[in-house]
Number of protein chains: 2
Amino acid sequence: MKHIAESTVRRLSLYLRILEEFEAQAHQTISSGELAAHGGTTSAQVRKDLSFFGSFGKRGLGYSVTALAARLREILGLNRQWRVIILGAGKIGAALARYEGFRNRGFTVVGVYDADPARTGRALDNLIVRDQKELEADVAKLGPEIALIAVPAEAAQPLVDRVVKAGVRAILNFAPAPVHVPRHVVHRSVDMALELEILSYALVSRR
Amino acid sequence: MKHIAESTVRRLSLYLRILEEFEAQAHQTISSGELAAHGGTTSAQVRKDLSFFGSFGKRGLGYSVTALAARLREILGLNRQWRVIILGAGKIGAALARYEGFRNRGFTVVGVYDADPARTGRALDNLIVRDQKELEADVAKLGPEIALIAVPAEAAQPLVDRVVKAGVRAILNFAPAPVHVPRHVVHRSVDMALELEILSYALVSRR
DNA sequence: AAGTGTGAATGCGTTCACAGCA
DNA sequence: TGCTGTGAACGCATTCACACTT
């Protein structure tokens with residue numbers, strides 16, 4: 001498969017959300033223009049994004065809402081369940097463990113880990129925080145595909161190395177530090193302080 | 001001032017973090033190559049990024065760690081305090097309110113708000129969750145520059161409209177919905193479910 | 001008439017390559 | 001000699017424009 005830009009994949013996710021809203025309202029079809037208006041882009045961009053994967057629309061009419069949504073779920077790999085573990089049960093880790101926004105899009109949290117005995121044993125909804133010592137054994141048993149890293153910056157890289165060695169193939173890093181992974185592993189970082197700094201720059205650079 | 005790409009600003013923030021590590025280790029100078037190695041980019045990229053704002057280096061030697069750090073803080077607007085309010089005291093909002101990663105980079109949370117009476121009055125460290133009704137009066141009094149939106153998707157846009165009308169000039173949106181703001185307001189979105197979906201795509205598209 | 005699909009043109013960030021200084 | 005600063009070349013995502021389909 002041809003390489004697809006990350007910005008394109010990001011928009012595809014967004015289109016899917018919009019389609020799901022339209023589905024809920026029992027709309028039959030949607031045009032690239034409507035999709036663009038809701039997604040904050042242009043109709044040409046929408047059509048180009050979709051064209052990488054085939055032609056799903058009817059000229060003069062638009063796209064079938066349910067058919068396009070199904071196709072996008074398939075493209076994005078959302079027509080299956082993904083097992084997720086969370087490393088770090090501090091403020092961020094605990095909030096992520098209980099966030100419904102994951103569950104209902106096919107991401108199931110199957111384990112939460114912390115190294116601090118003060119935190120292990122604590123219940124987060126239906127999950128019990130487990131000792132980080134159990135990590136390797138649990139990964140072997142549960143086979144999670146994705147790990148969320150929610151530990152302090154200096155603890156992130158060693159932990160990433162551990163989960164990668166244990167067999168996890170995707171990392172979503174919330175620690176404010178760049179992490180490095182082998183080529184067969186995919187990873188992304190969400191850095192909240194950095195986002196605020198970008199806003200800060202935007203505020204001071206405007207004049 | 002010439003327009004600077006977001007990707008550049010993002011890297012500048014990253015360079016600043018690296019410089020602060022070097023500062024802590026009492027390094028005097030740093031080269032574009034070292035900065036690049038730590039930041040996961042190239043030396044040419046580092047020099048180009050910095051060149052938009054002037055020439056700070058010494059040929060043959062590199063950059064003064066403290067001087068460059070100070071200059072970056074100034075460029076990014078981090079040589080001052082920013083006042084932040086958080087809208088929504090659910091799982092994510094509460095975690096953000098207590099996140100130290102903001103405080104020690106000049107972002108002070110001056111208020112947390114929720115519409116649910118079950119949550120108002122609750123203490124989050126040294127902050128008390130206040131009723132959303134107080135929002136306009138508080139913004140007028142405290143003058144926060146930045147608002148974090150941590151409410152359900154459908155509540156995000158109306159709330160954004162309210163804080164913008166009240167005078168907030170920057171929005172960081174954590175709700176999984178695109179928000180629209182007038183041109184004089186800056187905004188960014190952090191969408192955690194979307195990040196997972198991008199990882200999902202990366203996992204299924206690899207082969 | 002309305003809206004898709006797509007090659008071509010454009011714009012923009014990244015990389016290259018080297019002149020210029022310390 | 002070592003490393004910066006920067007115009008030029010490059011590559012890639014976005015936008016344009018229009019032929020094509022229902």
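Reminder, nothing fancy here: chain letters follow the sequence lines and each chain counts from 1. Note that the structure is predicted; figures quoted are calculated from it, not measured.
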Inset, instruction - Measure from the side-chain heavy atoms of B:Ser55 and tell me the nearest of D:dT6, D:dG5, C:dA8. - result: D:dG5
Legend entry - side chain to side chain contact (heavy atoms under 4.5 Å, CB included) between A:His27 and A:Glu21, intermediate numbers included: CA-CA 9 Å; A:His27 281 73; A:Glu21 268 180 53; over 6 Å; no
Legend entry - Nucleotide of C:dG13, D:dG7, D:dT15 approaching B:Ser7 most closely (side-chain heavy atoms): C:dG13
Legend entry - Between OG on residue A:Ser200 and CD1 on residue B:Ile75, distance to nearest 0.5 Å: 11.5 Å
Inset, instruction - Among the candidates C:dT14, C:dG5, D:dT15, find the nucleotide nearest to the side-chain atoms of B:Thr8. - result: C:dT14
Inset, instruction - Nearest whole angstrom, please: distance from the C1' of C:dA2 to the CD of A:Glu34. - result: 12 Å
Legend entry - Separation of atom CG in B:Asp49 from atom C1' in C:dG13, rounded to whole Å: 10 Å
Inset, instruction - Counting heavy atoms from C-beta on, name the nucleotide in D:dG5, C:dT6, C:dT15 closest to the side chain of B:Thr42. - result: C:dT15
Legend entry - Side chain of B:Lys58 - closest among D:dT6, C:dG7, C:dA22: C:dA22
Inset, instruction - Assess A:Lys58 against A:Tyr63: is NZ or CZ under 6.0 Å from the centre of the six-membered ring, and within 45 degrees of the ring's axis? - result: no
Inset, instruction - Specify the separation, in whole Å, of atom CZ of A:Arg10 and atom P of D:dT14. - result: 12 Å
Inset, instruction - For B:Asp161 and B:Lys165, indicate whether the former's side chain and the latter's backbone hold a donor-acceptor pair under 3.5 Å. - result: no
Inset, instruction - Return the value, rounded to whole Å, for the distance between atom CG of A:Leu35 and atom P of C:dG3. - result: 13 Å
Legend entry - Interface residues of residues 23-32 of chain B with DNA chain D (non-hydrogen, below 4.0 angstrom): B:Ser31, B:Ser32
Legend entry - Residue-phosphate contact under 4.0 Å: A:Tyr63 side-chain N/O, C:dG5 OP1/OP2: yes
Inset, instruction - Could you tell me the separation between the CD1 atom of A:Ile4 and the C1' atom of D:dC12, rounded to a whole number of Å? - result: 13 Å
Legend entry - Expected output: side-chain B:Trp82 to main-chain A:Glu197 donor-acceptor under 3.5 Å: no
Inset, instruction - For A:Leu50 and C:dT4, give me the distance from atom CG to atom P, rounded to whole Å. - result: 9 Å
Legend entry - Reference residue A:Val84; test side-chain contact (heavy atoms from CB on, under 4.5 Å); the match among A:Val110, A:Ile146, A:Leu172: A:Ile146
Inset, instruction - Output yes when at least one side-chain N/O atom of B:Arg11 is less than 4.0 Å from OP1 or OP2 of C:dG13, else no. - result: no
Legend entry - Between C:dT4 (P) and A:Phe53 (CZ): distance, integer Å: 18 Å
Inset, instruction - Report yes if at least one side-chain N or O of A:Gln45 is closer than 4.0 Å to OP1 or OP2 of D:dT15; otherwise report no. - result: yes
Inset, instruction - Tell me which nucleotide among C:dC16, D:dG5, D:dA13 gets nearest to the side chain of B:Arg59. - result: D:dG5
Inset, instruction - Using atom types as modelled and distance alone, determine if a side-chain donor or acceptor of B:Asp114 lies under 3.5 Å from a backbone N or O of B:Asp116. - result: yes
Legend entry - Most 5' of A:Phe52 and A:Arg47 on DNA chain D, judged by nearest nucleotide: A:Phe52
Inset, instruction - Return the value, rounded to whole Å, for the distance between atom CG of A:Leu68 and atom C1' of C:dG5. - result: 14 Å
Inset, instruction - Ignoring the backbone of B:Lys48, work out which of D:dG7, C:dT6, D:dA19 is nearest its side chain. - result: D:dG7
Legend entry - Heavy-atom side-chain contact between A:Asp191 and B:Arg17 under 4.5 Å: yes
